There are 2 protein chains.
Amino acid sequence: MLGETTRNRVSERREATRKEILEAAWALARERGLAQLTLRDIADRIGMRPPSLYSHVDSKNAIYDAMFAQAWTECLAQMRASEATCPPDSGGALRHYARAFFDFATSDLARHQLMNQRTIPGFEPTPAAYAPAVETLDLARTRLATHGVTTQPDLDLYVAIVGGLIDAQLANDPGGDRWSRLLDRAIDMFATDIGVGTSGREKRSDP
Amino acid sequence: MLGETTRNRVSERREATRKEILEAAWALARERGLAQLTLRDIADRIGMRPPSLYSHVDSKNAIYDAMFAQAWTECLAQMRASEATCPPDSGGALRHYARAFFDFATSDLARHQLMNQRTIPGFEPTPAAYAPAVETLDLARTRLATHGVTTQPDLDLYVAIVGGLIDAQLANDPGGDRWSRLLDRAIDMFATDIGVGTSGREKRSDP
DNA sequence: GTCTATACACCGATAGAC
DNA sequence: GTCTATCGGTGTATAGAC
């Protein structure tokens, strides 16, 4: 019926505009910094007047919220995809998942600031946007549990080590590999500590 | 001579007002958040009009800059003071210095954000303000070198591990000790990795 | 329904009177 | 040195044209 097709076309147009807004926001966040986002710049980039954005998003924080959900959804997908190439041994698996998250986080500074730091003054993600983040952590918990990371303190330590290397890499050597080269070694340290073998990789190598 | 005493009295008054501004800024940063600082709030707290602040500071970023220098100077002093109670064995020393920095960092969230994160949009510390920060790192490098942390990768890893635990503690359990309890264990892992004995502390304890 | 035009409150910062 | 007045810019919101 006509009403249906009309509503679909309008609905598609609205969704396309919303997507255009988010893409402009990501581009500007990467160019000028996440906190420097302004509604006027976003509107300019897509040929709109600033107030018109309010026809598609509720507020600036709603844009951050959608970006937050988008980033963690993408991260969750990437983590799930990483399972296909995961080595069978536990030591290798611990390195594999750490590397997957490390590479994802360090490949986009603005995205990492939004996902893992609280760099935006008034922004707090909504429960809906936070959902894929907790799902990612749940996935990690399940995966790592099958490779010897069974207790909460063990998982906390694993997360802190990987997070520390990510932050150091982005803060002190963005685009480089000074801390990236230390990741495998750090995970092997951790694996030894929890009693997981690190076969297939000699100790103390630092290529 | 008269000119001298007059200039001294004026100079002292100016310095006192400046100190008053910085103290108000710290108090507001802790109450409402570092990024939520406004010149109007600072002026209100010390009974001034906002534009009058510009007679004592060049800009809002100059206030952040003075706070940055103050924080790192305080940190440097605390690290120097920690030498007096440092245990003689290397394993204990690595834990001792890590604990000193961890406790200093986690005891003040606003200060830690200013010192170690880049949470303020337009702010970059001046070389003068950055000086005590590099001096603190130099001190750490010298101290740790006498306890087996001799290479740059070793130092990088040590810094990343301690920093990761600090960030995790402040982000996920502020005021608690969930990651604080993991610090000694993490440092022991690291000490074992670089071939430093961890006598005086049994392995895998998690009190 | 979507956009333009306009306004509001707040921010950092400046000019000039006293 | 401190004040009043004001500027340009921001996020936000509403009225009204089409």
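These numbers come from a predicted model, not from an experiment. All chains are named by letter (A, B, ...) in the order of the sequence lines, taking the proteins before the strands, and each is independently numbered beginning at 1.
- Side chains of Leu165(A) and Leu157(B) form a contact here, defined as non-hydrogen atoms less than 4.5 Å apart.
- Looking at heavy-atom distances under 4.0 Å, Arg14(A) makes contact with sugar-phosphate atoms alone, never a base.
- A donor-acceptor contact shorter than 3.5 Å links the side chain of Arg14(A) to the backbone of Ser55(A).
- Within the structure, salt bridge (charged side-chain N to carboxylate O under 4.0 Å, His left out) pairs that include any residue of residues 96-106 of chain B comprise Arg99(B)-Asp184(B) (at least two apart or interchain).
- Using a 4.0 Å cut-off on heavy atoms, none of the residues of residues 24-47 of chain A approach DNA chain C.
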Show me the side-chain donor-acceptor pairs of residues 22-32 of chain B shorter than 3.5 Å, one per line, residues at least two apart or across chains.
unit_1: Arg30(B); atom_1: NE; unit_2: Asp108(B); atom_2: OD2; d: 2.6
unit_1: Arg30(B); atom_1: NH2; unit_2: Asp108(B); atom_2: OD2; d: 3.0
unit_1: Glu31(B); atom_1: OE1; unit_2: Arg45(B); atom_2: NH2; d: 3.0
unit_1: Glu31(B); atom_1: OE2; unit_2: Arg45(B); atom_2: NH2; d: 2.8
unit_1: Arg32(B); atom_1: NH2; unit_2: Asp41(B); atom_2: OD2; d: 3.1

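- If you walk DNA chain D from 5' to 3' and mark each nucleotide with an atom closer than 4.0 Å to a heavy atom of chain A, the marks span dT10(D) to dT14(D).
- A salt bridge (charged side-chain N to carboxylate O under 4.0 Å, His left out) check over residues 47-63 of chain B, counting only residues at least two apart or in different chains, returns nothing.
- Classified by interplanar angle (parallel below 30°, tilted 30° to 60°, perpendicular above 60°), the ring pair Tyr130(A)/Phe68(A) is parallel.
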>> Checking Arg141(A) against Gln152(A) for the side-chain contact (heavy atoms from CB on, under 4.5 Å) test, could you report, in this order, the C-alpha distance in whole Å, the side-chain angles of both residues, the deciding distance, and whether it holds?
In response: CA-CA 9 Å; Arg141(A) 194 194 324 274; Gln152(A) 186 63 45; 3.5 Å; yes

>> Is there a side-chain contact (heavy atoms from CB on, under 4.5 Å) between Ile166(B) and Phe101(B)? Walk through the geometry before answering.
In response: CA-CA 9 Å; Ile166(B) 289 170; Phe101(B) 188 75; 3.6 Å; yes

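- At whole-Å resolution of the value, OH in Tyr64(B) and C1' in dC11(C) are 12 Å apart.
- At a threshold of 4.5 Å between non-hydrogen side-chain atoms, the residues Tyr97(A) and Val149(A) do not count as touching.
- What you find for His56(A) and Arg18(A) is that their closest heavy atoms are O-NH1, 3.4 Å.
- Counting any heavy atom pair closer than 4.0 Å across all strands shown, Pro50(B) reaches no nucleic acid atom.
- Of the residues in residues 52-59 of chain B, those lying under 4.0 Å from DNA chain C by heavy-atom distance are Tyr54(B), Ser59(B).
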